Number of protein chains: 4
Amino acid sequence: MKLRDENKVPQIYQATLKLVRASGIAGITMQAVAKEAKIATGTLYIYFNNKESLLVGLFNECAKNSASGFFRNYDPGGPFKTGFRTIWLNILQYRISHFEEMLFIEQFFTSPYIEEATKMAVKKIFDPLRELIQRGKDEHLIKDIDSFWLLTFMTGNINEIAKRIHYFNKKLTPEIEDLNFQLCWDGIKS
Amino acid sequence: MKLRDENKVPQIYQATLKLVRASGIAGITMQAVAKEAKIATGTLYIYFNNKESLLVGLFNECAKNSASGFFRNYDPGGPFKTGFRTIWLNILQYRISHFEEMLFIEQFFTSPYIEEATKMAVKKIFDPLRELIQRGKDEHLIKDIDSFWLLTFMTGNINEIAKRIHYFNKKLTPEIEDLNFQLCWDGIKS
Amino acid sequence: MKLRDENKVPQIYQATLKLVRASGIAGITMQAVAKEAKIATGTLYIYFNNKESLLVGLFNECAKNSASGFFRNYDPGGPFKTGFRTIWLNILQYRISHFEEMLFIEQFFTSPYIEEATKMAVKKIFDPLRELIQRGKDEHLIKDIDSFWLLTFMTGNINEIAKRIHYFNKKLTPEIEDLNFQLCWDGIKS
Amino acid sequence: MKLRDENKVPQIYQATLKLVRASGIAGITMQAVAKEAKIATGTLYIYFNNKESLLVGLFNECAKNSASGFFRNYDPGGPFKTGFRTIWLNILQYRISHFEEMLFIEQFFTSPYIEEATKMAVKKIFDPLRELIQRGKDEHLIKDIDSFWLLTFMTGNINEIAKRIHYFNKKLTPEIEDLNFQLCWDGIKS
DNA sequence: GATGAATGAGCCTTCATTCAT
DNA sequence: TATGAATGAAGGCTCATTCAT
């Protein structure tokens, strides 16, 4: 008996992300995914019930990966600014190195595939960051503003940096990291 | 294509934007656009050569509209911070009140329809802002950083605010304007 | 403007029936129907929402046609036996000359497409016959048996004759009509 | 194909019949049969070369079963009417209790799977009945009519009874047996 | 110019059949 | 032998585009 190939799902996810990069979520066809993943169309349906399942599965995978990437090396017990910078940089670097995931997530959010429940689940990814921000406010290190807007400020900036790095073929040097972090930090610090 | 009925094109654009809002750029079909615009499918092809033309046309229209919206009431001769705040607020308000356009532009950027030339053309919209920023640097009012990143910082933040206002059903009160502008300003000021 | 071709629907129905004859209801594919009707596949979907609609539509058409065929030249005021023979012969002749319809109806009944409501509606076609049979019983000309079984007897026989005429390449001569009617009549007469 | 597990084939046949009952011959897929028979898809191909083999095999099995069912307790040496009634009742009861087989056979006849040879082979099943009918004619007990039509008359009626018993949820009581046999007998008797 | 029916390539999905284990 | 994953050719349906009116 041939066992279910444990490698197929990641393989399929990779193929899908590659297509997203090339022509957006609208450009994803099951045929194209299969071809890119070097399997037959029918095989896709062994691992996923339908196209929606595939996309939702990939979305969840991306969300999970992000979560672990964002908080790598982050020590909740350390000083605020250290932690904040670590997370800021993690997110930025993750977004850049996993740019396809970012594109996919963004487009998935405006696609007919997403459900309200999923949207809400994603918010939780940032919970550790939300807690850190709260601590920063408690310690009077950053502005006493609704965390919602502080998060908006921070992520909006990071996303845009990531996009422009890609779209304008820039490199993320330490200098550019510093410079952009400085803008962010000066904005939120009290 | 002879444009007889000058009213049809805006009508078609409006219909298209409405569809984008409802189900993303992938939800745009010529049939759906025609129906929404209350004309026949064939008629679309009198005003546009094909689907791509329509989308590109709409994109340009959006770009043009944005340009005029962004610099409304802006006096290049006035004080830096006044001008900067005016533009900042114009962009934010425009993005919120023309949210469909924003969605469309964003999705168009990642679609197979966009061409490199178009991307570059869009950059020009921000030229007056770029000049203002240069002046701010010359007057030592803001950080002496590559304008590219200052612009990135500013627009990334604005876009994210606009999105969150919509997705989380927030209202843009003067307080929220002030608070967010403060974050931005503290970030860039020298 | 091109008007909806009033001829298309009958044309499509004919093509469908032809296919049923050739390879059963399971052999009906939209592609095959289109090809047989000499139109494009997409055109089918202008006239029918989907395959089911087409089949249901055809079924209703067949039912309607049958109804009018069965009671041609039938005078409810005439003598019982005359009326009974007229209807008996009408049904038989109709089934033979519209054999494809008969096949289709029979197979449609065992297909996943039929709904309970439709089944019931079909029963009504035989109402005039049911009334006549009742009259026959009232006039003590035929056996006083539940009409359900009298109808079963009559139609079961007719259907089988029609099938065998076709499957064994027989001709329906007046002699064969008489002979078979005699069997039926001797069965039901009191 | 080496038939090791002699139990598998009947198991597969049963599964197939169950599917026919549920959704017609069109509803038979190899995957579904395998699932219903609780074996793997591949296993089907150990016992049958392909789908057609399976269906043809089942058809022959049904034909064989019918043959033995139809002539159970029939004594060719007994009086004509006794024998005729025995067979009449056997066929009716068999059709009702093996309704799925009847459905399958009927649908198989109009499917693309059947071949002319098979059709002819089936005719032989009724040979003992044909002989009995001939004897009835020789003994002047029944009408002197082509046996072809006498058989048509008899079987058409039986089939229709069986169908209606199922479709209208009737029970086959002795009264209903008698009543229907009377109709048939009065029809054919001389 | 305006209409909407007509077209057919292409998309999602199913399914008979094969094959590696 | 038995398994079920893998394959790819259709099948149902959609949609950009054309064309007759």
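Every heavy atom of this structure was used, including side-chain atoms; hydrogens, water molecules and symmetry mates were not. Computed from a predicted structure; not experimentally measured. So you know, we letter chains A, B, ... as the sequences are listed, proteins then strands, and number each from 1.
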> Should we say atom NZ of Lys64(B) is surrounded by more than 12 heavy atoms from elsewhere, each under 6.0 Å from it?
no
> Which whole-number value in Å describes the distance from Lys35(A) NZ to dG8(F) P?
13 Å
> Using the rule given for side-chain contact (heavy atoms from CB on, under 4.5 Å), can you reason through Ile12(A) versus Leu58(A), listing the C-alpha separation, both sets of side-chain angles and the distance that settles it, and then say yes or no?
CA-CA 9 Å; Ile12(A) 292 168; Leu58(A) 175 54; over 6 Å; no
> Expressed as a whole number of angstroms, how long is the span from Asn7(C):CG to dA6(E):C1'?
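Rounded to whole Å, this separation is 15 Å.
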> What does nucleotides 11-17 of chain F look like as a protein-contact string, B for base, S for sugar-phosphate only, - for none, at under 4.0 angstrom between heavy atoms?
SBBBSBB
> Rounded to whole angstroms, how far apart are CD on Glu6(A) and P on dA6(F)?
11 Å
> Can you list every stem that DNA chain F is part of, counting only runs of 3 or more consecutive Watson-Crick or G-U wobble pairs with both distances under 3.5 Å?
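Stems found: E:2-21 with F:2-21.
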> Is the distance between the ring centroids of Tyr13(B) and Phe48(B) less than 6.0 Å?
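Between Tyr13(B) and Phe48(B), the centre distance is under 6.0 Å.
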> Looking at Glu100(D) and Lys18(D), would you say the former's side chain and the latter's main chain have a donor-acceptor pair under 3.5 Å?
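Between the backbone of Lys18(D) and the side chain of Glu100(D) there is no qualifying donor-acceptor contact (under 3.5 Å).
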> Are the side chain of Lys38(D) and the backbone N or O of Gln11(D) linked by a donor-acceptor pair below 3.5 Å?
no
> Rounded to the nearest angstrom, tell me the gap between atom CG in Asp5(C) and atom P in dA5(E).
11 Å
> If you count the non-hydrogen atoms of other residues, nucleotides and ligands that lie under 6.0 Å from NZ in Lys35(D), is the total more than 12?
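Result for NZ/Lys35(D): open.
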> When we call it a touch if two heavy atoms are under 4.0 Å apart, what does Lys8(D) touch: a base, just sugar-phosphate, or nothing?
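Lys8(D): backbone/sugar contact only, no base atoms under 4.0 Å.
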> Does the side chain of Thr110(B) reach to within under 4.5 Å of the side chain of Val20(A), using non-hydrogen atoms?
no
> For the backbone of Lys51(C) and the side chain of Tyr113(C), can you confirm whether one donor and one acceptor N or O come within less than 3.5 Å of each other?
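No, the answer is negative, given that no donor and acceptor are paired below the 3.5 Å cut-off.
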> Is the backbone of Ile46(A) close enough, under 3.5 Å, to the side chain of Arg4(A) for a donor and an acceptor to pair up by distance?
yes
> Nearest whole angstrom, please: distance from the P of dT3(E) to the CZ of Arg4(C).
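Rounded to whole Å, this separation is 17 Å.
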> Give one of base, sugar-phosphate or nothing for Tyr47(A), where a contact means two heavy atoms less than 4.0 Å apart.
sugar-phosphate
> Could you state the CZ-P distance from Phe48(B) to dT18(F), rounded to the nearest angstrom?
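It works out to 16 Å between those atoms.
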> Heavy-atom nearest nucleotide on DNA chain E for Leu44(C) versus Ala40(B): which residue maps closer to 5'?
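The residue mapped nearer the 5' terminus is Ala40(B).
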